[in-house]
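Atoms within each ligand, like the ligands themselves, are counted from 1 in listed order. Here, residue 1 is the first one in the sequence, and each next residue gets the next number.
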Amino acid sequence: MIEYRSIRVGLLGAGSVGSQVARLLLEHGDELAQRIGARIELVGIAVRDVDAERDVELPRALLTTDADALILGSDIVIELMGGLEPARTLVLQAIASGADVVTGNKALLATHGPELFAAAEQVGAQLSYEAAVGGAIPILRPLRESLAGDRVERILGIVNGTTNFILDRMDTTGASLEDALATATELGYAEADPTADIGGYDAAQKAAILASIAFHTNVPVEAVHREGITGVSAAQVDSARRAGFVVKLLAICERLVDAETGEEGVSARVYPALVPREHPLASVRGANNAVFVEASAAGPLMFYGAGAGGVQTASAVLGDLVAIARRHVIGGPGMAESTHAELPMFDIGRITTRYAITLEVVDEPGVLERIARVFSEHGVSVEQLQQTVSSGSERATLVIGTHEATESALAETVTSLAENPVVASVASVLRVEGTL
Ligand SMILES: NC(=O)C1=CN([C@@H]2O[C@H](COP(=O)(O)OP(=O)(O)OC[C@H]3O[C@@H](n4cnc5c(N)ncnc54)[C@H](O)[C@@H]3O)[C@@H](O)[C@H]2O)C=CC1
Ligand SMILES: N[C@@H](CC=O)C(=O)O
Ligand code: NA
């Protein structure tokens, strides 16, 4: 029997993910020791209440409410409490005390990333966060390491499990957003405050992290255009299905070149969009995530798997932990973040995409021509137009699909349509992504 040295690990938080990390560490300690060449010793788990009931039974002797003392006695700290504070202070405390850190906290990284990375770099500590994007899916390490010699052009993906679960339920069972969210929360997919999921904040934080790594640029979360799914109605999901589309919350990160100035920049955005049923993203069901990466030499790559869930996400946390522990065995500093490119952020108005617009209009001669004129006045070209008139109604429904247009031209078109006397209402405006 080999006598391994011990690496002391302190865990902050024992919720959906933290409790599974603790369980796996305790159950698979011997095997991990052989893989690492050192024993992971879980020295404590910081919780709010040591007597609270938990789904996973954890040794009472490991539970503590003294996170500060736990950090001081740890070589590696795993932060799985979530939220900005006290997570930020505790992570900085861990780095200052000489520990490496693993976290799954995308809110923390997208908000305070530069401060935390600078603190880690200063002392040669490692700050790893594979769990923060795509849950169990290995996506950050492939971007940072496997594609380090390539040039990433575009990332298109579903990066929030909760909203994908909700939209899938709305599409397949006709469930309401509220009911589907309640189930997602029960299953441990949603954030402590699920507004982060349905409002698109969580996906925007992940987009900021993905774009920062992919484009070697610090992308602040405030620079990510964000729209959530709270405005997505059952009627939109239903008419998308009938037209051969599915509504998905997408995160898109792109390297762009301004056609006029030649300036290179980055766009990062999150919004619900129509995706054709035959596109691979349309078949991403439940809380799964999928991320397409287009790199100039590698071409298109796809990463798919469980985007949320306690035990699944624990896998990514343990992967980071093992990698750091191995470095403890061989020695050397942590790997710093690469932000050398510092590309400027492009505003959403400069982006081009396609749109599907649903209008309620008065049913009288000449209406189609007047509507078509509004589009052409703003330089937006109509690809298809479908009209439905219910018998006995004085209104008609128009569904208009556009060719590629800039966001700013489309926004002006929608404003003009809403002001046009023949338009009773602009019922829906959705972008169309993933058309082949
Ligand atoms: N649940 C999931 O599927 C995924 C979660 N994440 C991230 O992992 C982190 C943890 O997520 P979950 O486990 O789902 O959250 P959770 O809400 O289930 O667990 C957080 C735990 O930390 C505890 N906690 C909060 N503040 C504390 C404090 N000051 N002292 C001690 N304990 C404290 C809470 O009582 C709770 O038990 C979050 O940053 C989340 O965004 C990342 C990927 C997937
Ligand atoms: N709430 C998040 C959890 C994983 O990051 C999600 O639903 O994706
Ligand atoms: Na991941």
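At a heavy-atom cutoff of 4.0 Å, ligand 1 is contacted by the backbone of A131 but not by its side chain. With a 4.0 Å heavy-atom cut-off, ligand 2 is reached by the backbone of N160 and by its side chain too. Only side-chain heavy atoms of K106 come within less than 4.0 Å of ligand 1; its backbone N, CA, C and O stay farther off. Residue contacts with ligand 1 for T313 involve side-chain atoms from C-beta outward but no N, CA, C or O (heavy atoms, distance under 4.0 Å). Neither the backbone nor the side chain of D202 comes within 4.0 Å of ligand 1, counting heavy atoms alone. Within the 4.0 Å heavy-atom criterion, neither part of A67 lies near ligand 1.
Salt bridge annotation for D238-R241: present, with a cationic side-chain nitrogen under 4.0 angstrom from a carboxylate oxygen. The pair R8-E41 does not count as a salt bridge, with every side-chain nitrogen at least 4.0 angstrom from each carboxylate oxygen. Taking 4.0 Å as the cut-off between side-chain N and carboxylate O, R39 and E3 do not count as a salt-bridged pair. Note on E433 versus R354: no salt bridge recorded, every NZ/NE/NH1/NH2 to OD/OE distance being 4.0 Å or above. In summary, R60 and D51 engage in a salt bridge, as defined by a charged side-chain N under 4.0 Å from a carboxylate O. Salt bridge E115/R88: present, at least one basic N to carboxylate O contact under 4.0 Å.
Atoms of ligand 2 lying under 4.0 Å from any heavy atom of K206, numbered from 1 in the order shown and given with element: 2 (C), 4 (C), 5 (O), 6 (C), 8 (O). Proximity to D197 (heavy-atom distance under 4.0 Å) selects the following atoms of ligand 2: 1 (N), 2 (C), 6 (C), 7 (O). Taking a cut-off of under 4.0 Å to the non-hydrogen atoms of G307, the atoms of ligand 2 that pass are 4 (C), 5 (O), 8 (O). Every atom of ligand 1 with a heavy atom of G188 under 4.0 Å away is listed here by number and element: 1 (N), 2 (C), 3 (O). If you number the atoms of ligand 1 from 1 as listed, the ones under 4.0 Å from a heavy atom of G13 come out as 22 (O). With ligand atoms numbered from 1 in the order given, ligand 1 contributes 3 (O) to contacts under 4.0 Å with heavy atoms of A308.
Listed by chain and number, E130 O, E130 OE2, V133 O, G135 O, I137 O are the protein N/O/S atoms closer than 3.0 Å to the Na ion (ligand 3), with waters left out.
Scanning the protein for heavy atoms near atom 2 (C) of ligand 2, the closest one is E191 OE2, 3.2 Å. Counting protein heavy atoms only, atom 5 (O) of ligand 2 is closest to K106 NZ, 2.5 Å. Here the heavy atom of the protein found nearest to atom 22 (O) of ligand 1 is M81 CA, 3.5 Å. For atom 13 (O) of ligand 1, the nearest non-hydrogen atom of the protein is V17 N, 2.9 Å. Nearest protein heavy-atom neighbour of atom 3 (O) of ligand 1: G309 N, 2.6 Å.
Taking the six-membered ring for Trp, F292 and H279 have ring centres closer than 6.0 Å.
Within 6.0 Å of atom CD in Q122, 12 or fewer heavy atoms from other residues, nucleotides or ligands are found, so the atom counts as exposed in its surroundings. The local environment of CD in E57 is sparse, with at most 12 non-hydrogen atoms from other residues, nucleotides or ligands closer than 6.0 Å.
Two residues are said to be in side-chain contact when any heavy atoms from C-beta on lie closer than 4.5 Å; T358 and S239 fail this criterion.
Looking at E130, E191, Q205, R48 and measuring to atom 41 (O) of ligand 1, the nearest heavy atom belongs to E191. Relative to atom 7 (O) of ligand 2, the option among T162, I198, T163 with the closest non-hydrogen atom is T162. Nearest-residue assignment for atom 8 (O) of ligand 1 (options A52, A196, G82, G104; heavy-atom criterion): G104.
For a threshold of 3.5 Å applied to N or O pairs, the pair formed by G307 and ligand 1 contains no separation below that value. Geometrically, ligand 1 and P86 share no nitrogen or oxygen pair separated by less than 3.5 Å. The shortest N or O to N or O distance between G161 and ligand 2 is below 3.5 Å.
For the pair R144 and Y129, the cation-pi test (distance below 6.0 Å, angle within 45°) is passed. Taking the centre and axis of the six-membered ring of F245, the NZ or CZ atom of R277 falls outside the cone set by 45° and 6.0 Å.
With sequence neighbours excluded, no residue satisfies side-chain hydrogen bond (donor to acceptor under 3.5 Å, both in side chains) with S283.
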